[in-house]
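Shown next, in structure tokens, is the structure this report addresses.
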Amino acid sequence: MKQAVAGTGIAPEIEVPAIEFRRLLLGWYREHARVLPWRGIDDPYATWLSEVMLQQTRVATVIERYREFLTRFPTLQALAAAEENDVLALWSGLGYYRRARMLHRGAQFVVGELHGEMPRSAAELKALPGVGDYTAAAIASIAFGESVAVVDGNVERVLLRLMGLPEERTGAGRARITKAAQSLVPAAAKRGVGNPPGDHNQAMMELGATICTPKSPLCLQCPVVGLCRTRGEHVTPVRQKQRSRSVAYLLARRGERVLLERRSAEASLMPGMLELPPLSMDAVAAYEPLLRVKHSITNTNYDVQVFAEGKLRDAVPAAASDLIWTPAAKLRDLPLTGLARKVLQRVGVMSR
DNA sequence: TAGTCGTGGAC
DNA sequence: TGTCCAAGACT
């Protein structure tokens, strides 16, 4: 048993028996891994795409978008040659649009500067735009077999519970988790047979996503419950409170065309993307909305009201140069915000 | 390092 | 209903 370092008050490192842990985890993973389109492939570009799409985005949401994206841009070269607007249009509704811009730029960098060959190590991959610690480790281990640990929200939660540590958003807390995660990753395969690091990392995330869930973890089904200090509990920091806001938009139509507004290129939120023209709440106070939908963005829950044209056309504050009459058939090719897409689908202007 | 960046689904 | 938050990165 390790002791606290005398006089420092620093808790001893908590050891997890790595060999037993790996064996139990991998055995469970072989039996229970979900079948997902980015598993069992040999295409680093596709792995890169899947990891970027999966950032803060649910597996169920990504599956179909991943297939569509690869159908449209099957290779790094195809993506690099694309217009940014077309990439954003394909990303519309997925959120965090900066991911799409950076992936696009990353593809152009690899094709233009690296002869189309992706870097193979996590350290080198981190130089690519939009590729941070997690994504670099994920690509390096899954696509290239490097023995490097991924630390995402799943892995962090699994390890905190396993070791009985509180969740703390500090550099030291982060470093402790990374160290623990790395101590568990198996060595790279000797002769290129199988991929122990990649499988182990995916198994850690799979465990967090399906068994060691944030709420009501399924400890009775957990392969490593016998090594777990807490059996599913850990102290979490207080969350920020949610806010509510009302917003209004105009739905103006001319035959088969609909009026859209381009957001400022300098906007911090969804720059350059297209949405319905916003209206001030004062301007619409006397009118009844055509449609109400709920929409939440990070910390804020929006009560969205959409108004038919009526007398409100002149209430649009935007400059005429930012307003675009758009044929309904072209909407799918444009970088619409998720909310605009949702409203246009709801009123039947867009299909799907 | 603490904010910011989207969206939809589960409960 | 509101709350929570998902395979993070960037500044």
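All heavy atoms count here, side chains included; hydrogens, waters and symmetry mates do not. To find a chain, count down the sequence lines: A is the first, B the second, and so on, and within it residues start at 1. This structure is a prediction, so every number in the text was calculated from the model and none was measured.
Counting non-hydrogen atoms under 4.0 angstrom, A:T170 reaches nothing in the nucleic acid. Within 4.0 Å (heavy atoms only), A:W38 reaches at least one base atom of the nucleic acid. Counting non-hydrogen atoms under 4.0 angstrom, A:A60 reaches nothing in the nucleic acid. Here A:S296 lies in heavy-atom contact (under 4.0 Å) with a base. Contacts of A:G208 with the nucleic acid, taken as non-hydrogen atoms under 4.0 Å apart, are absent. The residue A:R263 sits apart from the nucleic acid: no heavy atom pair falls under 4.0 Å. Across all strands shown, A:R39 has heavy atoms under 4.0 Å from base atoms, whether or not it also approaches the sugar-phosphate.
Nucleotide B:dC5 holds its C1' atom 11 Å from the OH atom of A:Y302, rounded to whole Å.
Between A:K342 and B:dG8 there is a side-chain polar atom (N or O) within less than 4.0 angstrom of OP1 or OP2. Phosphate contact (OP1/OP2 of B:dG6, side-chain N/O of A:H295, threshold under 4.0 Å): absent. Neither OP1 nor OP2 of C:dG2 sits under 4.0 Å from any side-chain N or O of A:N301.
Residues satisfying the side-chain contact (heavy atoms from CB on, under 4.5 Å) criterion with A:A136, sequence neighbours excluded, are A:A122, A:L125, A:K126, A:V131.
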Quick one: which protein N/O atoms are closer than 3.5 Å to N/O atoms of nucleotides 9-11 of chain C? Pair and distance per line, please.
| unit_1 | atom_1 | unit_2 | atom_2 | d |
| --- | --- | --- | --- | --- |
| C:dA9 | OP1 | A:G132 | N | 2.9 |
| C:dA9 | OP1 | A:T135 | N | 2.9 |
| C:dA9 | OP1 | A:T135 | OG1 | 2.7 |
| C:dA9 | OP2 | A:Y134 | N | 3.3 |
| C:dA9 | N3 | A:R98 | NH2 | 3.3 |
| C:dC10 | OP1 | A:G130 | N | 2.5 |

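Among residues at least two apart or in separate chains, salt bridge (charged side-chain N to carboxylate O under 4.0 Å, His left out) pairs with a member in residues 51-68 of chain A are A:E64-A:R67, A:E68-A:R352.
Taking only side-chain atoms of A:L269, from C-beta outward, the nucleotide of B:dG6, B:dG8, C:dA7 with the closest atom is B:dG6. Counting only heavy atoms from C-beta on, A:Y96 has its side chain closest to B:dC5 among B:dT7, B:dC5, C:dC5. When each of C:dA6, B:dT7, C:dA7 is scored by its nearest atom to the side-chain atoms of A:P214, the top-ranked nucleotide is C:dA6.
Contact of A:R58 with C:dC5 (side chain to base): a donor-acceptor pair of N or O atoms is detected under 3.5 Å.
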